[in-house]
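Notes to accompany the following structure.
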Amino acid sequence: MKKHVALNVLRFIVTAFSIISLTIPSFGQVDSCTYSLEGRIVDMETGEPLPFANISIKESKIVAVSDLNGEFELENICNDEFDLIVSFIGYKTVLHHHDIYHKLPVIHMVKDQVLLEGVVIEGEYHGEHIRSSAIAELTKAEIQKSGAANLGELTSNISGVSMISTGQNVSKPVIHGLHSSRILIINNGIRHIFQNWGNEHAPEIDINAVERVEVIKGAATVKYGSSAMGGVILIDGNDPELHSDLKIDLKSNFKTNGKGGGVALGVAKGYDRLGLKFDLGGNILGDQQAPNYLLTNTSMKDLAFSGNVLYHEGKFQTEIFASRFYQQFGLLRGSVTESLLDLQQAMNSEIPLYTSEFDYIISTPHQKIKHDLLQVKSSYIYKEHSFTMNYAFQSNHRREFDVRRGTNNEIPSINLVLNSNQLDFEWILPEKERLESKFGLQTTYENNDNLPGTNTNSFVPNFNNFQTALFGIETFESGNNVFEAGARFDWFVTEIRGRNTDAVSTPYIHNYSMMNASGTLGWIYNTQNSFTSRVNIASSWRPPNIAELYVYGKHQSSIEYGLMHYTLDENNKVIGTTLTSNNNLDIQPEKGLKLIYSLEYEKKKTQAVLTAYLNQIYHYLYAKPAGITKTIRGAFPYFIYTRTNARFIGADMDVNLSQSTKLKHKLSLSFLYAETFDHKPLIEIPPPSVNYSIDWNTGMKPFDSFNFAVEPSYTFKPINYPRIITIDELISAETNGENIFQNNEEVFDIFPIPDGYFLLNAYARLAFKNIFLQFRCNNLLNVPYRVYTDRLRYFSDQTGRNFVITANIQI
Amino acid sequence: MRNLFMLLFLVGMISCDKDLPPVENEEEVITDVVLTFEPAAGTQATTVTATASDPDGEGPEPIGIVSDITLLNNTTYNLTVSFKNGTTDLTSEIQTEGAEHMIFYGFSTDIFTSPLGDGNIDNREDAVNYSDQDINGEPIGLATSWTSGAANTGATFKLVLKHQPSLKSSTSTVNDGSTDMDLTWPLTIN
């Protein structure tokens with residue numbers, strides 16, 4: 001009897017405990033099997049979604065199949081970290097070590113025979129952006145096809161993005177009409193800090209290391225920092241992968257125009273917890289050729305190497321990246337003029353002055369730049385919160401050599417070292433009831449020094465900048481809608497130390513600081529029938545750059561006075577000022593407001609995006625003509641930096657159409673109208689353009705792919721361009737002592753605006769096992785043309801026909 | 001790990017220094033040009049100097065032609081030209097780099113009896129009495145000689161200094177190379 005009761009009591013206790021233990025969540029153990037992962041599968045080359053792909057987690061029974069949009073969801077995942085296996089018939093299986101904190105991965109798959117490997121792009125942490133802003137990207141395949149020589153050329157393949165150049169070797173990207181210090185370039189998650197103020201200062205990016213490019217076309221200041229008024233360019237190389245075999249990548253290219261080329265070698269290997277990647281490459285090019293003459297002194301050479309070490313242990317990951325980029329290149333010899341009459345001479349020459357025989361020698365004028373980077377990035381996941389620290393040290397050394405007398409010809413006229421430290425912290429909270437939150441702290445410290453021995457006055461002063469900012473972004477999903485809101489607070493403080501150009505080089509020290517709050521609001525709406533619309537409004541700001549405030553004197557063919565370096569007397573006459581030390585300066589930043597709307601359509605065979613935008617910039621700093629002065633060399637117009645309010649209105653469109661499995665069409669249009677609020681033109685605004693390409697896959701055996709493509713494009717004559725004042729008019733005004741700008745201070749040009757032009761590019765590419773070969777011809781018709789946004793259009797045409805042969809092999 | 005980050009941050013910070021930019025010998029910008037006309041021996045004429053000065057360098061103030069050139073009629077002068085930036089003399093540099101520099105002269109027609117004509121700005125072949133030459137035997141123009149004609153007013157005297165690296169020859173003209181100086185003085189002959 002007692003035994004029977006004892007057994008029942010025991011049974012009861014055991015049952016009670018079981019029931020209790022099932023209902024109470026266990027501490028110390030992660031929530032049992034309630035993780036989920038959503039993602040997307042696309043074809044890497046076409047960007048099209050892959051339906052019916054198999055997604056599974058290694059050593060588990062969890063599987064999913066992607067739907068017609070390539071989307072999938074894995075549910076009931078037990079561990080927060082696992083190996084993801086994605087497979088699809090005819091494509092290379094992708095194995096990727098993943099954790100659930102990296103949301104919305106996009107898995108790019110490649111066909112079995114293709115050289116490239118599939119890549120997983122983890123949407124959220126790395127390069128995650130405000131999703132309501134229009135974002136365009138270049139896939140790895142598009143980058144490979146482009147044969148671009150530098151970042152400016154590469155990004156101009158995206159609609160709405162063009163470039164501003166100083167000859168063949170200097171190109172800077174332009175997003176919706178804004179460039180230099182009005183856009184941000186983010187390289188591997190680091191703000192690329194360089195002398196971004198000059199039109200002739202290209203960003204020092206090794207083009208071979210670029211595997212992925214994304215352009216955010218909205219003002220992205222809240223997430224990325226001041227100066228992102230026009231947008232942000234995000235460049236990434238591939239992160240080292242874990243659990244991967246030794247991969248050796250050899251790339252080479254050869255160009256007939258310039259008779260040069262380059263090679264690049266990449267080595268990568270992944271272990272259990274360690275991933276390693278090393279890259280080394282170099283390019284060399286001789287004088288380039290326009291259709292009717294040689295462009296003397298346009299040779300270039302560069303060298304780049306980088307190393308990347310990734311360590312991953314459970315919830316902790318750290319990455320160390322180091323790189324050096326070294327480049328030296330010449331600028332067209334015939335572009336050097338010291339007086340207006342020299343300039344007139346050069347502009348009137350059919351063939352640029354000083355044209356001589358082809359060689360690889362780089363003489364004056366030329367630039368030598370070296371950019372070093374050391375980055376340490378760590379992330380840690382604690383109770384589903386993600387914390388990331390990103391530190392980078394950069395050292396940018398820029399030397400510019402002008403044509404000078406005697407031994408000074410070997411000495412730079414500008415010798416600047418810009419060292420910077422940036423330290424960013426980011427905290428991403430776990431999603432709670434459809435609300436995602438992200439907060440960050442960003443700090444930058446820059447130091448700019450002129451190095452001695454130039455034998456000429458420093459063009460810009462020394463400075464130290466310190467900038468720190470706090471931001472927060474909230475994203476809320478509700479049905480087919482996603483709402484975004486973000487706010488940011490910045491504090492900027494600087495000390496400028498310079499010397500006047502008087503006889504005793506009187507020094508001056510200036511201190512000032514500024515604060516700014518900016519915000520962003522956005523809305524994404526997904527309809528059920530293939531349309532997605534995005535609208536975003538964002539405010540942005542930019543402290544003036546060093547040149548806009550402090551330049552004084554001649555640079556190339558014009559004389560400019562920065563905002564600090566002149567005053568206007570009672571007759572509005574410009575008086576140059578000698579700067580004295582001042583700690584109470586009140587400098588206003590530029591402020592912008594950008595509204596951007598984009599409509600996307602995606603169905604089986606068609607993808608289209610239409611983007612429209614309005615960007616208003618208040619206190620827009622620019623150089624306007626204020627008079628003509630006579631120096632020992634002769635008469636020169638001079639420009640003063642001043643403020644206005646400017647407006648940029650435009651639209652871009654991209655349409656991708658797969659007519660059949662063999663024939664694909666792509667059409668891109670870009671249009672921009674820019675003016676000041678009182679309807680005056682601005683200079684250097686990119687003209688409208690149309691780009692079309694048609695790609696035919698022959699399906700020819702034994703090759704894995706053998707495609708031909710033709711790319712016609714038309715660039716229109718610029719709209720709303722400045723008035724023309726000839727050099728003769730300038731000189732006679734000076735001789736007569738008349739101020740021709742007194743009644744009209746609008747910007748002007750001294751050279752006729754180029755007409756629209758038609759260009760034709762074509763290429764043939766084939767892949768065979770692990771070899772990729774492309775034979776591309778740029779400017780197939782060898783058309784002489786001039787580009788409005790190239791400063792050297794005064795002196796020469798652009799390059800003529802160029803055959804670019806690319807050969808890549810992967811071992 | 002934490003120590004490593006601190007170390008890297010400090011290394012980054014050390015590269016900052018709070019210096020002014022260096023004081024440089026400005027060798028590019030010419031701010032003063034002095035013309036010295038020395039009469040040949042045995043005349044009653046006195047030395048004439050004429051200057052052009054741009055004290056604010058590349059500032060908005062235009063240069064000043066500080067004095068007109070006033071020469072005595074029918075007198076031979078030796079002209080020397082000198083260049084300065086503030087107190088730094090740049091003439092010797094141009095002299096040393098003579099093979100890359102040339103001064104061209106232009107003047108009102110036949111205002112001098114030697115050389116006749118209007119100078120070699122419009123035509124390299126026209127006469128100018130150069131007294132110096134570079135290592136290739138071509139004239140530089142820092143020293144020239146002039147014989148004034150009859151009294152005259154309202155004439156002009158123009159000098160153009162060209163920098164012609166790898167371009168200077170017996171046929172190079174005022175249109176070759178880049179301009180380092182382009183100045184015109186009013187000229188009176190008493």
Side-chain angles (χ1 to χ4, degrees), chain A residues 318 336-339 341-342 345 354 374 376 378 389 391 393 395 403-406 408-409 413 419 421 423 445 447 449-458 461-462 464 495 497-499 501-503 505 507 509 552-554 559 561 566 574-576 626-627 629-634 638 734, chain B residues 1 4-5 8-9 11-33 52-64 83 85-88 90 93-94 96-97 100-101 160-163 165-167 174-183:
Chain A
T318 193
V336 173
T337 56
E338 299 290 6
S339 73
L341 287 174
D342 285 355
Q345 178 89 19
Y354 307 96
L374 174 64
V376 178
S378 299
M389 181 219 76
Y391 167 77
F393 170 73
S395 179
V403 174
R404 299 171 77 176
R405 278 196 289 279
N408 281 340
N409 205 32
S413 310
N419 288 330
N421 289 282
L423 183 59
Y445 180 78
N447 182 72
D449 281 325
N450 282 278
L451 296 187
T454 58
N455 286 343
T456 185
N457 287 317
S458 46
N462 291 356
N464 287 97
E495 178 176 273
R497 296 178 301 279
R499 289 192 185 274
T501 54
D502 59 354
S505 300
I509 299 182
Y552 190 80
K554 185 169 163 292
I559 292 185
Y561 305 126
Y566 70 91
V574 173
I575 315 273
T629 185
K630 187 151 179 169
T631 68
I632 301 279
R633 290 194 212 271
Y638 59 87
E734 191 277 327
Chain B
M1 255 314 153
L4 179 63
F5 296 154
L8 285 167
F9 193 72
V11 165
M13 299 289 278
I14 281 164
S15 54
C16 99
D17 58 78
K18 299 267 188 161
D19 287 345
L20 289 163
V23 177
E24 298 279 353
N25 265 340
E26 176 57 68
E27 291 179 10
E28 287 313 298
V29 181
I30 299 172
T31 57
D32 297 89
V33 179
S53 191
D54 192 6
D56 72 347
E58 291 168 345
E61 285 303 308
I63 56 164
F83 301 96
N85 174 290
T87 50
T88 314
L90 300 174
E93 243 184 64
I94 293 166
T96 318
E97 307 301 324
E100 289 186 351
H101 289 93
V160 178
L161 168 65
K162 299 295 289 196
H163 181 214
S166 314
L167 286 177
V174 78
N175 293 324
D176 293 310
S178 39
T179 308
D180 281 348
M181 169 189 69
D182 183 347
L183 295 171

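Each chain gets a letter, A, B and so on, in the order the sequences are listed, and its residues count up from 1.
- Between chain B and the options Leu451(A), Asn457(A), Ile509(A), the largest number of non-hydrogen pairs under 4.5 Å is found for Asn457(A).
- Side-chain atoms of Lys162(B) and Thr179(B) include a donor-acceptor pair closer than 3.5 Å.
- The greatest number of non-hydrogen atom pairs below 4.5 Å with chain A, out of Ile94(B), Val160(B), Asn175(B), is found for Asn175(B).
- Side-chain N/O atoms of Thr631(A) and Asp54(B) include no donor and acceptor closer than 3.5 Å.
- Partner of Asn447(A) under the side-chain hydrogen bond (donor to acceptor under 3.5 Å, both in side chains) criterion, chosen from Asn464(A), Asn419(A), Asn421(A): Asn464(A).
- When heavy atoms are compared at a cutoff of 4.5 Å, Tyr566(A) does not approach chain B at all.
- With a threshold of 4.5 angstrom between heavy atoms, Thr88(B) does not approach chain A through any atom at all.
- Listed by chain and number, the residues in a side chain to side chain contact (heavy atoms under 4.5 Å, CB included) with Glu734(A) are Ile628(A), Lys630(A), Ala635(A) (sequence neighbours excluded).
- For the options Leu183(B), Asp180(B), Val33(B), heavy-atom pairs under 4.5 Å to chain A are most numerous at Asp180(B).
- Chain B forms the most heavy-atom pairs under 4.5 Å with one residue out of Ala626(A), Gly553(A), Ser395(A), and that residue is Gly553(A).
- The parts of Glu26(B) that come within reach of chain A are both its backbone and its side chain, each placing non-hydrogen atoms under 4.5 angstrom from that chain.
- Ser413(A) meets the side chain to side chain contact (heavy atoms under 4.5 Å, CB included) test with Asp402(A), Arg404(A), Thr456(A); sequence neighbours excluded.
- Heavy atoms of Thr454(A) lying under 4.5 Å from chain B belong to its backbone as well as its side chain.
- Judged by distance alone, with hydrogens and angles left aside, the side-chain atoms of Thr629(A) form a donor-acceptor pair with the main-chain N or O of Pro60(B) at under 3.5 Å.
- Of all the listed residues (Asn25(B), Leu20(B), Leu90(B)), the one sharing the greatest number of non-hydrogen pairs under 4.5 Å with chain A is Leu20(B).
- Looking at Leu161(B), there are no atoms closer than 4.5 Å to chain A (heavy atoms on both sides), in backbone or side chain.
- Panel note: side chain Arg497(A), backbone Asn462(A); no donor-acceptor pair is recorded below 3.5 Å.
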